[in-house]
Protein chains: 2
Amino acid sequence: MTQTAHRPDNRYGNRPTMKDVAARAGVGLKTVSRVVNGEPGVTPDTERRVREAIDALGFRRNDSARVLRKGRTASIGLILEDLADPFYGPLSRAVEEVARAHGALLINGSSAEDPDREQELALALCARRVDGLVVIPAGDDHRYLEPEIKAGVATVFVDRPAGQIDADVVLSDNFGGARDGVAHLIAHGHRRIGFIGDMPRIHTAAERLRGYRTAMEDAGVPVEEAWMSLGATDPQRVRRAAEAMLSGPSPVTAIFTGNNRVTVTVVRVLAERTRPVALVGFDDIELADLLQPGVTVVAQDAARLGRTAAERLFRQLDGTLLLPERIELPTRLITRGSGELPPAG
Amino acid sequence: MTQTAHRPDNRYGNRPTMKDVAARAGVGLKTVSRVVNGEPGVTPDTERRVREAIDALGFRRNDSARVLRKGRTASIGLILEDLADPFYGPLSRAVEEVARAHGALLINGSSAEDPDREQELALALCARRVDGLVVIPAGDDHRYLEPEIKAGVATVFVDRPAGQIDADVVLSDNFGGARDGVAHLIAHGHRRIGFIGDMPRIHTAAERLRGYRTAMEDAGVPVEEAWMSLGATDPQRVRRAAEAMLSGPSPVTAIFTGNNRVTVTVVRVLAERTRPVALVGFDDIELADLLQPGVTVVAQDAARLGRTAAERLFRQLDGTLLLPERIELPTRLITRGSGELPPAG
DNA sequence: TAGAGCCTGGACAACGTTGTCAGCTGCGAG
DNA sequence: CTCGCAGCTGACAACGTTGTCCAGGCTCTA
């Protein structure tokens, strides 16, 4: 039994510390620290003895203690909506690459589109004293981050802007992309065009809907309420929405889908029908080129979104950045056939 | 304000500490600690004063210091191959869910299939004193983890076994799955079947190749060297491999692909050809059902792999687990048409 | 051979938190 | 009126590391 009164109830075997290494090598504590950190001023012979002791004991520096002392953690946090959504794969990978280039670790978590969970996660990461935070926001009020930002936590929002605070944000041109996508359908003769998107409180969903409305208006095409459906992206909801607008009193001849999850489901619905319906989707999807017809999409560059955001984060940390900025990246219309179908006569 | 927000005053992260809160509330340090941690023995009035001071100063407990003192970090690490590979999305999401259920944070990184990078990452996470590690190994020698495991870091390997050490591992039945997939092709009359897989040093690639060989052997079908190609999964390499075996002196009439990256490229290659070639792929891919013909696959349950591994990790941490074990999860053949094509006459 | 200057090594405090323990208060019982 | 008890509260050490600073030993020069 340990009688040491002040030892914390640590379930793990006690790991060797620099003190242990120093004792075994017969040197001072600070000398071990010097060797571990590659600081100059240690005789080759002393260094050898220290390294032997380190290997013999299996010592590994405790970065928690180091962080406490130094104040910087060399880690950044990434909060996204869903790790399993293919759109976020390249994005988080890009963030990781940039972090790695700056010698930082990436800690991440999913908000599952729940504002409370986003806040909980963000604050947990701040309590860990991450140096910075890349956030794909689920909520629309980020005042809870104000004390953290003031205390020096670098913060960049991606994909959607922050709510109620002035912060860096990197977005795609959701409005312009959607407008162009819908215009593409209009150019191919469609007048009755449906829009199926994500929940309206999500910024990207709202912007894309605005792009849809603008394209229709610009072309002088009237829009019916029944042609627009915003809500959760689960297949059941999307399927019902698509079927409703395809079989109402004035059925649509084309559908614009507001994100990759929606597109996938609508592709399935359309595949079951005989009468061809045109489709343009926001976000590229894998294998879209191999479907019959190929799915025309408005593609965002997810990797570039992530890279841009992460680079901006580290520039905040460098101190080379002064004012929050809003960066908008262009989208790209990739035509593959599904948008070029003429309206069924 | 925004200037303040962006001025990296990190020279000293002058965040308020419990000491500051204590001074402002006119109480002792430990009393603040009690309030923050919800420990009993604090008068409602004192607690109110402390909470007011906390809010006024924007105090947030420094978990680095807490970790140092308590010895546990309530965080686990996940090392995978590529965050952007859709196979790992559901897996890492499942790991995160389990971690969250245990009140732990997930820190992750990609090895990019580089053993050195895997080791670097794993040791960095150990230096952060993560409580446990879920590893999809890139290398085949994990003795470097021995001191860490001995020191109490829980460790579970997923998707591929650990090398040179005895550790928990959760796998799919790669051998059986591949054998069944190839047998499916044989059952539909194919004799000349190609195999395109990942680099041979990767355990899953080797096992799947073994499944292929076994299925061929069981059916008494001879195998030619030119029908087997293992290597990187980049599209160029895979495309060359596929075209070579489709146009050699004895061209294959069917291809078995060793993972989702390979399958996607081969689908593209086959789409360009007129003569139909049968295909069965390891790993399911999104929209595989909508291609013409639908792609028959051997599906693994990535989410279940992740969940099983993470749960095992926490059981190690609970101390309810004694001996390392190897858990193999079944695969499922999903027939969609591409495997049922008869060999071209 | 003495003094100056450099190199190496170690003692000590501090980072922000939690565990231990002792002191203080107010109240009821003897 | 005193003692004991219980419930609050705070002083202090410790977690493992790094930054500061000083002590000794060495070399080099005058």
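On a predicted model such as this, the values are computed, not experimentally measured, just so you know. Proteins get letters first, then strands, A, B, ... in listed order; numbering begins at 1 in each.
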Would you check, one step at a time, whether the test side-chain contact (heavy atoms from CB on, under 4.5 Å) holds for B/E148 with B/L123? CA-CA 8 Å; B/E148 310 300 328; B/L123 293 181; 4.0 Å; yes

B/S110 versus A/E96, side-chain donor and acceptor atoms under 3.5 Å: yes

Distance, rounded to the nearest Å, where B/D20 contributes CG and C/dG16 contributes P: 8 Å

Applying side chain to side chain donor-acceptor pair (under 3.5 Å) to A/R34 and not counting sequence neighbours gives none

Restricting to ring-ring contact (aromatic ring centres under 6.0 Å, His included), what partner residues turn up for B/Y88, sequence neighbours left out? none

With salt bridge (Lys or Arg N to Asp or Glu O under 4.0 Å) as the rule and sequence neighbours excluded, what pairs involving residues 152-171 of chain B come up? B/E113-B/R160, B/D168-B/R312

Starting at atom CZ of B/R66, determine the distance to atom C1' of C/dT18, rounded to an integer number of angstrom. 8 Å

Interatomic distance, A/K150 atom NZ to A/L145 atom CG [nearest 0.5 angstrom]: 12.0 Å

Looking at residues at least two apart in the chain, or sitting in another chain, which of them share a ring-ring contact (aromatic ring centres under 6.0 Å, His included) with B/F314? B/H102

Pairs: protein N or O with nucleotides 13-15 of chain C N or O, under 3.5 Å:
unit_1 : atom_1 : unit_2 : atom_2 : d
C/dA14 : N3     : A/R69  : NH1    : 3.2

Can you measure A/K30 atom NZ to C/dT8 atom C1' for me and round it to whole angstrom units? 13 Å

Contacts satisfying salt bridge (Lys or Arg N to Asp or Glu O under 4.0 Å) that involve residues 44-57 of chain B (not counting sequence neighbours) are B/D45-B/R48, B/D45-B/R49, B/E47-B/R51, B/R48-B/E52

Do any of residues 53-62 of chain A sit with a heavy atom less than 4.0 Å from DNA chain C, and if so which? none

Determine which pairs satisfy ring-ring contact (aromatic ring centres under 6.0 Å, His included) with at least one residue from residues 45-79 of chain A, sequence neighbours left out, and list them in order. none

By the side chain to side chain donor-acceptor pair (under 3.5 Å) test, which pairs, at least two apart or in different chains, include something from residues 126-138 of chain A? A/T73-A/D131

Which angle, to the nearest 10 degrees, lies between the helix axes at the two ends of the helix from C/dT1-D/dA30 to C/dG30-D/dC1, each defined by five pairs? 60°

Less than 3.5 Å apart, any donor N or O on the side chain of A/H142 or A/E118 sitting next to an acceptor on the other? yes

Heavy-atom neighbours of B/D140 CG exceed 12 at 6.0 Å: no

Sequence neighbours left out, cut at 3.5 Å: what donor-acceptor pairs do the side chains of residues 16-31 of chain A make with other protein atoms?
unit_1 : atom_1 : unit_2 : atom_2 : d
A/T17  : OG1    : A/K19  : N      : 3.1
A/D20  : OD2    : A/T17  : N      : 2.8

NA contact type, B/N37, heavy-atom cut-off 4.0 Å: base, sugar-phosphate, or nothing? sugar-phosphate

Provide, to the nearest angstrom, the distance between the CD atom belonging to A/E39 and the P atom belonging to C/dG10. 14 Å

Restricting to nitrogen or oxygen on both sides, can you table the protein-nucleotides 5-9 of chain D pairs closer than 3.5 Å?
unit_1 : atom_1 : unit_2 : atom_2 : d
D/dC8  : O3'    : B/T43  : OG1    : 2.9
D/dT9  : OP1    : B/T43  : OG1    : 2.8
D/dT9  : OP1    : B/T46  : OG1    : 2.5
D/dT9  : OP2    : B/T43  : N      : 2.9
D/dT9  : OP2    : B/T43  : OG1    : 3.4

